[in-house]
Amino acid sequence: MRRLLVSIALMLIVLTSVFGEDYSLLPAEYDEAVIKEGNVAASLCSVDLSGMVYATCGFCSNDTTPIENGAVINLIPVDGTTTAIGYVDLYWNIISSEPVTIRLKDGGKLASSTNDGKLDWAVSSGSGETAKEYFNTAIASGGIPGDQNKLDIGFEAGKGYCVGSMPLTITTGSYMGLPIESDYSSNLIVEITT
């Protein structure tokens, strides 16, 4: 008997839910997002992407550890020569509604803080036919085309998002004739513009 009563109660609940009033068809009056009548409400959602730029860009070591501001990229003398070399990765993570340009710049020749010595240096990527030199302080600024320091990062206008990295090689000119009891340094600068 108890089973019969439970079964009847369950059938009544199901029947009232099936044949009950359907409020989804009623018109709703909106006062912003407050429901006045019916069971739906609407509110406008918008995002303004005009002129929006979010970009992180910097340098990291080959193990993908970011090099923080103030950290040093060490250049190592090359065996059998009077030049030095170093390696670093440039990385970027960009969200933008406009085209973005990344450029590599030098902070001048590598210079000593203890003497007047100056050492030329250059930054490049790739090798062979794909090699590109972004700057070389041994070349007068008039000898470098204006867009030579511009990186092709694959950012497509309208896509809005670009993430990637690129290995860079840093080389110096000859340090023959310079005082060797000194550190020579300059800034490697990455610049983002829209």
Side-chain angles (χ1 to χ4, degrees), residues 44-78 83-113 116-175 178 182-194:
L44 181 64
C45 294
S46 70
V47 58
D48 181 8
L49 297 179
S50 60
M52 188 270 311
V53 176
Y54 163 81
T56 57
C57 192
F59 301 102
C60 59
S61 58
N62 291 343
D63 64 356
T64 68
T65 303
I67 297 172
E68 302 295 334
N69 284 340
V72 175
I73 301 168
N74 290 314
L75 307 181
I76 307 298
V78 178
T83 63
I85 194 166
Y87 303 95
V88 69
D89 287 348
L90 172 71
Y91 69 89
W92 57 87
N93 186 345
I94 300 168
I95 300 171
S96 176
S97 59
E98 301 174 18
V100 172
T101 301
I102 296 180
R103 295 181 187 275
L104 284 174
K105 297 182 172 184
D106 64 88
K109 294 186 181 201
L110 297 168
S112 170
S113 59
D116 292 335
K118 293 195 186 299
L119 182 59
D120 286 313
W121 65 303
V123 172
S124 61
S125 66
S127 61
E129 292 181 11
T130 63
K132 179 175 179 182
E133 188 170 76
Y134 297 100
F135 67 80
N136 186 339
T137 62
I139 300 172
S141 60
I144 298 176
D147 281 344
Q148 178 156 341
N149 64 357
K150 183 174 157 181
L151 279 78
D152 180 14
I153 61 170
F155 186 90
E156 295 179 40
K159 295 279 175 142
Y161 179 67
C162 185
V163 62
S165 65
M166 171 186 295
L168 300 174
T169 303
I170 304 168
T171 55
T172 71
S174 174
Y175 48 79
L178 290 176
S182 181
D183 287 339
Y184 293 83
S185 61
S186 184
N187 287 315
L188 176 57
I189 302 164
V190 59
E191 177 186 82
I192 300 175
T193 55
T194 56

Nearest 0.5 Å, what's the CD1-SG distance between Ile102 and Cys162? 7.5 Å
Heavy-atom neighbours of Lys105 NZ exceed 12 at 6.0 Å: no
Is a donor on one side and an acceptor on the other found under 3.5 Å between the side chain of Asn136 and the backbone of Ala138? yes
Which pair of non-hydrogen atoms, one from Gly108 and one from Ser186, has the smallest distance, and what is that distance? O-OG, 2.8 Å
Can you tell if the side chain of Tyr91 reaches within under 4.5 Å of the side chain of Val190, non-hydrogen atoms only? no
Which heavy atom in Glu133 sits nearest to a heavy atom in Ser124, and how many Å separate them? CA-CB, 3.9 Å
Candidate pair Leu168 and Tyr134, rule side-chain contact (heavy atoms from CB on, under 4.5 Å), full reasoning: CA-CA 10 Å; Leu168 300 174; Tyr134 297 100; 4.1 Å; yes
Thr101 side, atom OG1; Arg103 side, atom CZ - distance, nearest 0.5 Å: 6.0 Å
What's the separation between atom CD1 in Ile192 and atom CG in Leu151, rounded to the nearest 0.5 Å? 10.5 Å
Determine whether a donor-acceptor pair (N or O, by modelled atom type, separation under 3.5 Å) exists between the side chain of Thr172 and the backbone of Ala84. yes
Looking at side-chain heavy atoms only, is the closest gap between Tyr184 and Lys109 below 4.5 Å? no
Given side chains that start at C-beta, do those of Lys118 and Thr137 come closer than 4.5 Å, heavy atoms only? no
Would you say Ile170 and Ile85 make side-chain contact, with heavy atoms under 4.5 Å? no
How many angstroms lie between CZ in Phe59 and CD1 in Ile73, if you round to the nearest 0.5 Å? 6.0 Å
CH2 of Trp121 to CG of Leu110, rounded to nearest 0.5 Å, is 6.0 Å
Can Ile76 and Tyr87 be said to form a side-chain contact (heavy atoms from CB on, under 4.5 Å), step by step? CA-CA 10 Å; Ile76 307 298; Tyr87 303 95; over 6 Å; no
Mind listing the closest non-hydrogen atom pair of Ser113 and Ser182 along with its distance? N-OG, 4.5 Å
Atom pair CD1 (Ile94) and SG (Cys57), whose distance is rounded to the nearest 0.5 Å: 6.0 Å
